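Presented below is the structure to which this report refers.
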Amino acid sequence: METTLIQPFIAVLISSLIAIRSYRRKSLDLSGALSGFIVMTIHFAVGYRFGAMLLAFFFSSSKLTKVGEEKKRQVDADFKEGGQRNWIQVLFNSGIATVLSVIIWTQTGWEDKCLDSKESVLITSLIGGIIGHYSCCNGDTWSSEIGVLSNDQPRLITTFKPVRRGTNGGVTKTGLLAALAAGSVVGLTFVVVGFFTTRCSNEMAMKQLLVIPISAVAGLLGSITDSLLGATLQFSGFCTIRNKVVGKPGPTVKKISGLSILDNNTVNLVSVLLTTLLTSIACVYIF
């Protein structure tokens, strides 16, 4: 088999196994599994590091979503068993990175490149964007899933006033620390896999370690951005009938915060866009 066909074949194999497993375990519905298969295949086919970052986000977030389900069921009005995701959520959480991966492939083919602006500003910015993308997604998910289970009192990020658990824009110290850790996991994944798949000079190889703190900051930035948007442009109210925080106004809903402009998916998209852009710029200047 030709070398250029080995990586795409491995990509299809890995993606098939994970998509089937995720569907059976209710992490993804059928549409999510099909779209996830396509997204994963593209990531792994372009570069093992990109596929690894995607899996670091997907596996860790899926696992955390299933932790403390009973408590989350009592808080979350849109609770789904297993945190099952559909094709819309898959694309909102990986679409931008997929596009960036395809652009990288048009420039490098199957070769994994180091972050090195002296060699290529474009490639460095695109890789940095993917790092920022998954650091943001992972940071936001960890922050939400761990924060809601903590004993900390959630506070609205815009006013610091106490709010009910599940309120959009509500933050906790535990949740913010979780966002830092989540970003670090993505960065660590990139660095570790990169040691096996890229060829850098000794100086640049060691410099790649800076990805870990950069991704940690990106994870925190993504979580904070998501919270700011949630507190201002996403509606939160308390339903006196369901006794839960809900995302839509109604006759039995008492408003807590935010306007009905964005929903959860669009908030995530804007957060990802901003974090992707800023991380991309940071990587160009740092590397």
Side-chain angles (χ1 to χ4, degrees), residues 5-102 105 130-131 133-146 148-149 166 178 182-183 185-186 189-190 193 219 222 226 247 263-269 271-272 276:
L5 295 180
I6 294 176
Q7 191 162 325
F9 174 78
I10 294 174
V12 170
L13 179 62
I14 293 174
S15 301
S16 299
L17 293 174
I18 294 174
I20 293 170
R21 174 184 179 276
S22 301
Y23 175 69
R24 288 178 174 173
R25 296 197 173 191
K26 296 183 178 181
S27 295
L28 299 171
D29 67 11
L30 182 58
S31 69
L34 291 173
S35 56
F37 165 75
I38 296 171
V39 165
M40 279 187 283
T41 299
I42 292 173
H43 277 65
F44 275 107
V46 173
Y48 292 119
R49 290 178 304 174
F50 307 141
M53 285 192 290
L54 169 59
L55 292 188
F57 158 59
F58 176 66
F59 281 141
S60 66
S61 296
S62 296
K63 191 69 175 178
L64 284 177
T65 299
K66 296 178 181 180
V67 174
E69 283 192 333
E70 191 54 42
K71 185 173 183 179
K72 292 172 183 176
R73 191 193 305 273
Q74 298 171 4
V75 174
D76 189 355
D78 299 317
F79 177 84
K80 291 182 180 179
E81 185 179 352
Q84 197 172 49
R85 294 171 171 84
N86 57 30
W87 70 272
I88 296 175
Q89 291 164 311
V90 169
L91 291 184
F92 271 79
N93 282 294
S94 60
I96 296 173
T98 303
V99 172
L100 296 181
S101 297
V102 171
W105 174 76
I130 296 174
I131 293 169
H133 181 290
Y134 286 117
S135 295
C136 173
C137 292
N138 214 34
D140 177 44
T141 304
W142 281 37
S143 179
S144 300
E145 299 296 341
I146 295 177
V148 75
L149 297 176
V185 167
V186 171
T189 301
F190 176 87
V193 176
D226 188 279
D263 63 11
N264 196 52
N265 286 328
T266 48
V267 165
N268 289 342
L269 179 61
S271 301
V272 168
T276 297

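What you are looking at is a predicted structure, and each value in this text was computed from that prediction instead of being measured.
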State, to 0.1 Å, how close [X] and [Y] come at their nearest heavy-atom pair, and which atoms those are.
X      : Y      : result
Thr141 : Cys137 : OG1-O, 2.9 Å
Arg21  : Phe59  : NH1-CE2, 3.3 Å
Val12  : Phe37  : O-CE1, 3.8 Å
Val193 : Ala52  : CG2-CB, 3.7 Å
Met53  : Ile130 : CE-CG2, 3.6 Å
Ser135 : Ile131 : OG-O, 2.8 Å

Original post:
Looking at residues at least two apart in the chain, or sitting in another chain, which of them share a side-chain hydrogen bond (donor to acceptor under 3.5 Å, both in side chains) with Asp263?
Top reply: Thr266
Subject >> With Ser143 via side-chain hydrogen bond (donor to acceptor under 3.5 Å, both in side chains) - residues at least two apart >> reply: Ser223
**OP:** Indicate yes or no: at least one non-hydrogen side-chain atom of Met40 is less than 4.5 angstrom from one of Leu54.
**Re:** yes
Subject >> Flag side-chain contact, heavy atom, 4.5 Å: His133 against Ser101 >> reply: no
Can you tell me how far apart [atom1] ([X]) and [atom2] ([Y]) are? Round to the nearest 0.5 Å.
X     : Y      : atom1 : atom2 : result
Leu91 : Asn265 : CG    : CG    : 10.0 Å
Ile6  : Phe9   : CD1   : CZ    : 10.0 Å
Arg25 : Ile20  : CZ    : CD1   : 13.0 Å
Phe50 : Leu55  : CZ    : CG    : 13.5 Å
Ser31 : Trp87  : OG    : CH2   : 8.0 Å
Tyr48 : Ile10  : OH    : CD1   : 3.5 Å

Original post:
If you measure only the distance, is there a donor-acceptor pair under 3.5 Å linking the side chains of Ser60 and Asn138?
Top reply: yes
Show me the side-chain donor-acceptor pairs of residues 92-100 shorter than 3.5 Å, one per line, residues at least two apart or across chains.
residue : atom : partner : partner atom : Å
Asn93   : ND2  : Gln89   : O            : 2.8
Ser94   : OG   : Val90   : O            : 2.5
Thr98   : OG1  : Ser94   : O            : 2.7

**OP:** Indicate yes or no for a side-chain donor-acceptor contact from Ser22 to the backbone of Leu28 under 3.5 Å, with no hydrogens or angles considered.
**Re:** no
**OP:** Would you check if the side chain of Ser35 reaches a backbone N or O of Gly32 as a donor-acceptor pair within less than 3.5 Å?
**Re:** yes
Original post:
With a 6.0 Å cut-off on ring centres, are His43 and Tyr134 close enough?
Top reply: yes
